Structure formats: C-alpha cells, structure tokens
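Naming: A, B, ... by sequence-line order, numbering from 1 per chain. Being a predicted model, the structure only gives us computed values, none of them experimental.
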2 protein chains.
Amino acid sequence: MIKTEALSKHYHIGDTIVKALDNVTLHIPAHSFVSIVGPSGSGKSTLMNLLGCLDTPTSGRYLLDGMEVSNMSDNQLAEIRNRKIGFVFQGFNLVPKLTALENVELPLIYSGVSKKERRSLAAEALEKVGLTDRSSHLPSELSGGQQQRVAIARALVTRPPIILADEPTGNLDSHSGRDILKLFQKLHEMGNTIVLITHDEYIAGQAQRIIRILDGQIVDDVEVG
Amino acid sequence: MIKTEALSKHYHIGDTIVKALDNVTLHIPAHSFVSIVGPSGSGKSTLMNLLGCLDTPTSGRYLLDGMEVSNMSDNQLAEIRNRKIGFVFQGFNLVPKLTALENVELPLIYSGVSKKERRSLAAEALEKVGLTDRSSHLPSELSGGQQQRVAIARALVTRPPIILADEPTGNLDSHSGRDILKLFQKLHEMGNTIVLITHDEYIAGQAQRIIRILDGQIVDDVEVG
Ligand SMILES: Nc1ncnc2c1ncn2[C@@H]1O[C@H](COP(=O)(O)OP(=O)(O)OP(=O)(O)O)[C@@H](O)[C@H]1O
Ligand SMILES: Nc1ncnc2c1ncn2[C@@H]1O[C@H](COP(=O)(O)OP(=O)(O)OP(=O)(O)O)[C@@H](O)[C@H]1O
Ligand SMILES: [Mg+2]
Ligand SMILES: [Mg+2]
C-alpha cells in the first residue's frame, strides 16, 4: 500500500543544505498500525507530508497502492488526498471562519454526499471525540486540545483507508489521549491503515510496529503489537 | 505575587453560557514553581491568559504584586506584560515573517537594549533550547517542536520574574521535554516564579505544587516538591 524507495527531502537555507529526510526506504502494508517516533526535528512531519501527497520529494520514489505518486498531475494528487487519505496535522490547520461542525464536514463536500447526510456524519465524528457541545464554536472559541480533536474528527469523517496522524494527542490530557488511541484502534480493527507520529511512548507502544527516525533516516523498525 | 479572588470568565455562544473559569481563588507566592493540570477544555489556558494580563475577567479580582489589574490602563497592562511576564503560548504565536532569532529578540526591543546586545541575548536563549543552527529559519521552516522551543526561548530571553508556560513540551520528545524542564528548574533556582500548564504527569510532578482544574474550578491544590 505505502512504498518509498530512497525518498529524500532537502531544503536550502542560505549556503546550507538541511537534509530533512535522507534516503528513506519503507514498506507499510495495507491494514497496518504503525507508530513513527523520533526526536524533535528528526523528519517525521516531513515524511508524513510526502506520504500524504502534500509535498514532493527532492529525490527517490513514492508508490501508493502501486502507483508512482511523482508521475501524478495536481488533479490526481488532490483526488488521492480526498479519497484515500485522512490527515491530522501537527498544527491542526482548522479553517478559522468555520465552526467545529463545518470544519469536520469539509472532506465530505468532495464526496458528493447530501448536505443532510454531511451534517449527520460530521456530528457523529464530533461525538466520537467528545465535542458534541462545541459544534458551533469557531476554532478561536475552542481550547488547544479541543481544536486538536476537531482536526482528528475531520480526518476520520470520510473513513479514509489511510489515516496519517501527526502528534494527534500532544495537547490532550492522558485520559483524552487514550480515548483517541481507542478510536484509532477501532478504525484499525475495521480495516483502516493507521500511521501515527507520536512523542508519547505509551501510545507508540500500542501500535503493531514502531519506526524510529533520527536525523532524517530510519534507524529502527520493530514489530511490537 | 499572584492573587486571584473569585475570578470568573464566561463566554456567550448563542443562548448558552460557557463558564470557562468559575470562581477561582488562588494565591501563588513569588518564587513558586507551580504546575497546573486538568483535562482538555477545563480552563487552564483561560486562567493563564488572565494571569498574563492578556484577557479581562467577567468578574472577580486579580492582584499582581499587590496591584489590582482590572484598574489598569492598556498602557500599564502592556508595560506589565513586557517587564514582568514571559509567556509561552500553547499555539506558539511566532511572527511568520521573522526568523527564529528575530522572534526571540522581540521582547528585548521594549527593554531599551542595544541591537548588538539583543542579538547576543537572543542567540544565547536559542542555544539554551538547542536551536543555534536554526536561527535564520522562518517559523514555516521549522518543525513543530522547534517552533515550540523558539516560543520558549522568546519567553525567557528577558529573564522576566514570572514565566507562564502553556503546554511548553506538548510537541517535544521526552528527551527534549526534560531539557526544557531543567531550563525552568534552573530559572526557578535563580528566583523566577514559574507557572506551567502541562498534560505530562512527570513534568507536573517536578514542580513544588500541583493545582488541578476541572470544569473551570480548582478541585485540588497540593504541595509536592
Ligand atoms: N472564545 C470562547 N468562546 C466560547 N468558549 C470558549 C472560548 N474560549 C474558550 N472557550 C471554552 O472554554 C473552555 C476552557 O478553555 P481553555 O482553553 O481554558 O481550556 P484548556 O484547559 O486550556 O484546554 P486544553 O488542555 O485543551 O488546552 C473550553 O471548554 C472552551 O471550549
Ligand atoms: N521549509 C524548510 N526549510 C528548511 N528546513 C526545514 C523546512 N521544513 C523543515 N525543515 C527542517 O527539517 C527538519 C525536519 O523537520 P520535521 O518537521 O519533519 O521534524 P519533526 O520530526 O516532525 O519534528 P517535531 O517532532 O519537532 O515536530 C527540521 O530540522 C526542520 O528544521
Ligand atoms: Mg513534526
Ligand atoms: Mg489550553
């Protein structure tokens, strides 16, 4: 399902080259539950952005369901992101002018679902993250952890086959964090592929497999679950 | 140093009233190291914003160093924020167009320090959070945890007597998180007052005192250190 070959991402700042990702070769089969761990600045979000087709590599290949992503048009990439991938961003990326409910509805707009059905699915997703009574709040009227949970609900509302979650519990108390983990585990049991970046050792250990990144490279890859 | 009496903050959303903070009476003496814990949405950031003079209460009083904050003019409030309080925001609030170094310099601009001295103090603060080689990066060119560390460096650069830190390690691996904790502990030994909101049980336990918040109210307040 997810296959990278010597994937690299370099940035140029002045005369320096920052090797955010350096020759990463990785295979994540469908229906896996994988944690990605590593120090701050080690390349985890960079990897996720490439896997989520939100960014293009400097070199190397990325094959998603057997198709070479670098060969795709912008339209094809947008369609893949909408149909195949749910993304929880480290910085949430909620739309400031939309309420929590409207933010969660957004991915459904592309899927041709009726407005009534959209509202109902979005309400259900918000309920799963414990935010029913915050549906009409704007992001600025929500706590940090509530914004994070809206971002999670939005990533899950279309039940996409692949869920990429970048530090989904960083702003949550451990109780709320474990509720979110149970959500991901349930989706995994129902067949979704989950790739979860986390700094939380407990949450990382609940996956089937832990991939460790350091200075843009994979340094460890172990089956645990 | 910090004294609140029946401090409340209510929001109106449609017909509902959200009691973000509800009758909080609190005394934090100078030179304390206090953790504030509680579930997502319980009122921690709301309390911090009031203590940091970034917001005004719906009712109740806040006395900072014996002075009633609600009686102050905007100019007086701005001066207090610049001279007395260093703030690490849950959402970082870095200036997008400024480099890491320039962001950290910002609080020094008000303090009448020369440009050369500003650069040197800001560089020193960035070094303390391990980001010397990211000084010229813009926030968008930094990882989530690196942005968080720039926000921490900025809060500390003027050595303000009171440091309010809202989830300063939420995006950091445990190693980086403990480096940040040591930073705060060192400042505390040097006489600063530290108020730290955290979801991390280990970090919370390293303070002298843990205040627990639930549904906008203080439900527990224990000396631990
Ligand atoms: N502008 C606003 N309008 C309405 N409700 C608000 C507003 N700002 C915050 N709230 C509500 O007030 C409550 C407390 O928010 P606060 O940000 O203080 O929580 P918190 O304890 O910091 O949570 P977290 O751990 O998730 O950061 C939340 O339930 C939130 O939805
Ligand atoms: N646009 C950019 N230009 C230059 N360097 C960048 C850019 N974006 C990211 N970097 C650098 O690439 C490295 C990897 O960043 P990335 O965001 O992937 O780290 P991360 O593992 O997600 O870290 P964190 O745990 O702090 O979120 C970092 O050192 C960062 O400074
Ligand atoms: Mg990251
Ligand atoms: Mg908060």
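Of the N and O atoms on the side chains of Q90(A) and N171(B), at least one donor lies less than 3.5 Å from an acceptor on the other residue.
Heavy atoms closer than 4.5 Å to chain A are found in the side chain of S176(B), but not in its backbone. Interface residue E141(A): only side-chain heavy atoms are found under 4.5 Å from chain B. Of the atoms belonging to S40(A), heavy atoms from both backbone and side chain fall under 4.5 Å from chain B. The part of I13(A) that comes within reach of chain B is its side chain, from C-beta onward, which places non-hydrogen atoms under 4.5 angstrom from that chain. Heavy atoms of V18(B) lying under 4.5 Å from chain A belong exclusively to its side chain.
Most heavy-atom pairs under 4.5 Å with chain A, from the set E201(B), R149(B), H175(B): that is R149(B). No other option in P39(A), G43(A), S45(A) has as many heavy-atom pairs under 4.5 Å with chain B as P39(A). Put simply, of G177(B), S174(B), G41(B), the one with the most heavy-atom pairs under 4.5 Å next to chain A is G41(B). Annotation: maximal heavy-atom pairing with chain A below 4.5 Å, among L142(B), V37(B), D173(B), occurs at D173(B).
Taking 4.0 Å as the cut-off between side-chain N and carboxylate O, D166(A) and K44(A) do not count as a salt-bridged pair.
In terms of modelled atom types and a separation under 3.5 Å, the side chain of T169(A) and the main chain of L172(A) share no donor-acceptor contact. Looking at Q147(B), its side chain never comes within 3.5 Å of a backbone N or O of G144(B) through a donor-acceptor pair. With Q148(B) contributing its side chain and P168(B) its backbone, the two residues share a donor-acceptor pair below 3.5 Å.
Across T46(B), D55(B), D22(B), a single residue satisfies side-chain hydrogen bond (donor to acceptor under 3.5 Å, both in side chains) together with K9(B), and that is D55(B).
A cation-pi arrangement is present between R178(A) and Y202(A) under the rule of less than 6.0 angstrom and at most 45 degrees off the ring axis.
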